[in-house]
Amino acid sequence: MTDKISRNERIKEASDYLRGTLADGLREEITGAIVEDDQQLVKFHGMYLQDDRDLRPERTRKKMEKAFAFMIRVRIPGGVLSPAQWLAFDQVARDYGNGTMRLTTRQTVQLHGVIKSNLKATLKEIDAVLLNSIAACGDVNRNVMCAATPEQSPAHAAALELARAISDHLTPRTPAYREIWFDGEKIAGGSDEVVEPIYGKTYLPRKFKIVVAVPPSNDVDVFAHDLGFIAVRDAQGGVAGWNVTVGGGMGMTHGEPDTYPRTASLLGFCAVADAVKLAEAVVTVQRDWGDRANRKHARLKYTIEDRGLEFFRAEVMRRAAVVLEPTKPFAFASTGDRLGWSDGIEGRSHLTLFIQNGRLRDDAHAKQLSTLRQIAQSHDGDFRITPNQNLIIGNISAEQRNEIHWLAKDAGLLAPASGLRRNSMACVALPTCGLALAESERYLPDLLSALDERLAAHGLAADDIVIRMTGCPNGCARPYLAEIGLVGKGPGRYNLYLGAAFDGSRLNKLYAEDLDHAGILAALDPLFAAYAAERQKGERFGDFAIRAGFVAATRNGRDFHADVGTQSALAG
Ligand code: HEM
Ligand code: SF4
C-alpha cells in the first residue's frame with residue numbers, strides 16, 4: 001500500500017460532506033451535465049450522470065452535446081414498498097423518467113432518463129412518500145437487502161427488522177441531501193464526529209453492501225456481499241442469533257488477475273442484540289483499513305485477503321466489544337425466487353411475479369406498468385422487490401386473490417415455463433450504463449429463447465438452471481455465482497463461466513472467451529447433451545460441469561483465475 005490517495009478521496013475530502021458544487025451545477029442551464037468532481041459526488045445522493053449511448057453517433061454528427069440524463073436509484077431496505085410508494089414511482093417514471101421502471105438485483109428501483117432540470121421535482125415526489133435516494137450509490141453502505149419472502153415465520157419479520165435497523169444506523173447524516181435537493185437551509189458544519197459520526201469526512205474507501213438471509217433461501221446471495229447476516233432459528237421459528245459473513249464481492253477487471261470475485265467468509269455467530277453494533281464495527285474497520293490509493297483494490301474482500309480473517313475478526317470484536325461464537329450450522333437450498341402463489345399469515349397470500357430482467361414498461365405486448373398501477377390502487381398489502389429482479393405482491397386479501405391473479409396473467413407477469421428463464425438475470429448495460437462493453441438486458445431474452453430450443457431438444461426445458469449476464473466484468477447481476485455466467489467483453493462478445501453452486505456458495509470458472517451468439521450456443525449445447533445423459537439423481541448443472549470435468553471448481557476468490565478454460569471433458 002502507498003500513502004498516495006486516489007482522486008476520489010480528494011474529491012470526497014474537499015466536498016464539505018458531499019456538497020461539492022452540486023447546488024450551482026443544477027442551476028447551470030447551458031449543459032445537461034454536471035462537472036466531473038460533482039459526477040462522483042452525485043452518486044452518494046443516489047444518482048449517476050449517464051447519456052443515451054444509442055444516440056451518441058447521431059449527436060456527434062450533428063455536433064450536439066451527448067443526450068445526458070440521470071439514473072436515480074432509491075434506498076428501499078428489504079425492497080418493501082407500500083402501494084402508495086409504488087404509485088409514486090409509477091408516476092415519476094412516467095412524468096420525469098423514460099416511462100419504465102427497473103427493479104434491481106439489490107431490491108431497489110432505478111429510474112432512467114431523468115434530465116437535470118427534473119431531478120428536484122422527482123426527488124420531491126419520492127420524498128413525499130417517505131423515501132429517499134441518499135447512499136443508494138457511492139462509497140457508503142448501500143441499500144440493505146433482506147430475504148424477500150413476506151412473513152411466513154417470525155424469522156422473516158426479524159430479518160426485515162434487522163435490515164431496516166442497519167440501514168437507518170448507517171445512513172449518512174450530512175445535511176447536504178436536504179440542502180441541495182429540497183433547497184434546505186445550509187446547516188453549519190461541525191467536527192467530523194458531529195456531522196458523520198460513523199463515516200467521517202472521506203466516507204468509505206469504496207461501496208459497501210449488506211444483506212440479511214433466512215435459510216433455506218439464499219435469494220439475497222449472501223456470499224456476494226461485504227457483510228451478511230444469516231438467521232439461525234430458535235425452537236419457535238424466531239431468530240436465536242445470526243451467523244455473520246464478511247468479504248464477499250463480485251467486481252473484477254478483464255486481464256487484471258489481481259482483481260477477482262470472492263465469496264464471503266464466515267466470521268462467527270452473534271446474538272440478536274449485537275448485530276447492529278457488529279455491522280458498525282465491520283464498517284469502521286474497513287473505513288480505517290481499506291485501500292484508499294487503488295480503487296480496484298479497495299473493497300473489503302481485499303482488506304480481508306491482505307490482513308487475514310483472524311486479524312480482522314479480532315479487531316471487529318474489539319471495536320464492537322462483542323465476543324463472536326463459532327458459526328452455527330446452516331443450509332441453503334437455492335438463490336432463486338419461489339414464483340407464483342404462496343400462503344401468508346392470517347388468511348393472506350403472496351404472489352411472486354416474474355419480471356424479465358426487472359424492467360417494467362407498457363408496450364405493444366403487455367401493459368405491465370399500467371397493470372401494476374391498477375393493482376396498487378386497490379391492494380391493501382405490500383410490494384416486495386426480490387433480489388432476483390422480480391416482484392412479490394405481498395399479503396393479498398382472500399377477496400382480491402382472483403382479480404390480481406387474472407390481471408397479472410393478462411400482463412404476462414406470471415412465471416414462464418422455461419426453467420432457464422425463471423432463473424435468469426441481466427444487468428442494465430446499454431444504452432444507459434457508461435461502463436457496458438456489450439449488451440445485456442436487451443440481449444438476454446433472445447439468447448434464452450435460442451438456448452431453450454437446445455434445452456428442449458435434450459428434455460431439459462423445465463429444469464431450473466441459473467443463468468446471469470452482465471455487460472462488463474463489474475458484476476452487477478452477480479454473474480460469477482451463476483451456473484451459466486456470461487460477461488461482456490466487447491460488442492456482441494462474451495466470456496462464458498460455468499460451475500457455480502445452485503445455492504450460491506461457490507463461484508464459477510472461466511470456460512471459454514470472446515464468444516458471439518453462435519459461439520455461446522455451440523459451447524453450451526454439448527454440455528446440455530452431456531448433462532441430460534449423464535447427470536446423477538438431483539445433480540445440479542453447476543455441480544455436473546465440475547464432476548464431468550468441463551471446468552475446475554473455484555474454491556475461493558484467489559483461485560478464480562487459476563485452471564481456467566476447457567478442462568479434460570472437451571480437451572479430451
Ligand atoms: C466495480 C464495480 C461496479 C461498478 C463500477 C458498477 C457501476 C454500475 C453502474 C454505472 C450502474 C448503472 C447502470 C444503469 O442503470 O444504467 C450499475 C447498476 C447496478 N449495479 Fe453496479 N457496479 C459495480 C458492481 C456491482 C456489483 C458487484 C453489484 C451487485 C452485487 C452491483 C449492483 C448493481 C445493481 C443492482 C444495479 C442496478 C441495475 C441492475 O439490477 O442490473 N453493481 N452499476
Ligand atoms: S455489470 Fe457493467 S455493464 Fe452491467 S450495469 Fe454493471 S457496470 Fe454496467
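We count ligands from 1, going down the list as the structure has it; atoms in each ligand are counted the same way.
Counting heavy-atom neighbours within 6.0 Å of Arg555 CZ, excluding the residue itself, gives a total of 12 or less.
Every atom of ligand 1 with a heavy atom of Thr432 under 4.0 Å away is listed here by number and element: 14 (C), 16 (O). Applying the 4.0 Å criterion to heavy atoms of Gly475 picks out, from ligand 1, the atoms 26 (C), 27 (C), 28 (C). Near Cys433, meaning under 4.0 Å from any of its heavy atoms, are these atoms of ligand 1: 10 (C), 13 (C), 16 (O). Against a heavy-atom cut-off of under 4.0 Å, Arg206 is close to the following atoms of ligand 1: 1 (C), 2 (C). Heavy-atom contacts of Thr470 reach the following atoms of ligand 2: 1 (S) (cutoff under 4.0 Å). If you number the atoms of ligand 1 from 1 as listed, the ones under 4.0 Å from a heavy atom of Gln389 come out as 40 (O), 41 (O).
For the pair Arg206 and Asp226, the salt-bridge criterion is not met [side-chain N within less than 4.0 Å of a carboxylate O]. A salt bridge is defined here as a Lys NZ or Arg NE, NH1 or NH2 lying under 4.0 Å from an Asp or Glu carboxylate O, and Arg94 with Asp90 meets this definition. The pair Arg384-Asp337 does not count as a salt bridge, with every side-chain nitrogen at least 4.0 angstrom from each carboxylate oxygen. Residues Asp37 and Arg7 are paired through a salt bridge, judged by an N-O separation under 4.0 Å between the basic side chain and the carboxylate.
Remark: distances from the non-hydrogen atoms of Gly475 to ligand 2 include one below 4.0 Å.
Protein heavy atom closest to atom 4 (Fe) of ligand 2, with residue, atom name and distance, is Cys427 SG, 2.3 Å. For atom 3 (C) of ligand 1, the nearest non-hydrogen atom of the protein is Lys207 NZ, 3.1 Å.
Summarising the contacts of atom 3 (S) of ligand 2 with Pro479, Ala436, Gly488, Cys476, the nearest heavy atom is found in Ala436. The option from Cys476, Gly251, Ala298 that lies nearest to atom 33 (C) of ligand 1, judged by heavy atoms, is Cys476.
Within the 4.0 Å heavy-atom criterion, neither part of Glu441 lies near ligand 1.
Residue side and main chain included, Cys433 places no N/O/S atom under 2.8 Å of atom 4 (Fe) of ligand 2.
Under 3.5 Å, the side chains of Thr171 and Arg75 contain a donor-acceptor pair of N or O atoms.
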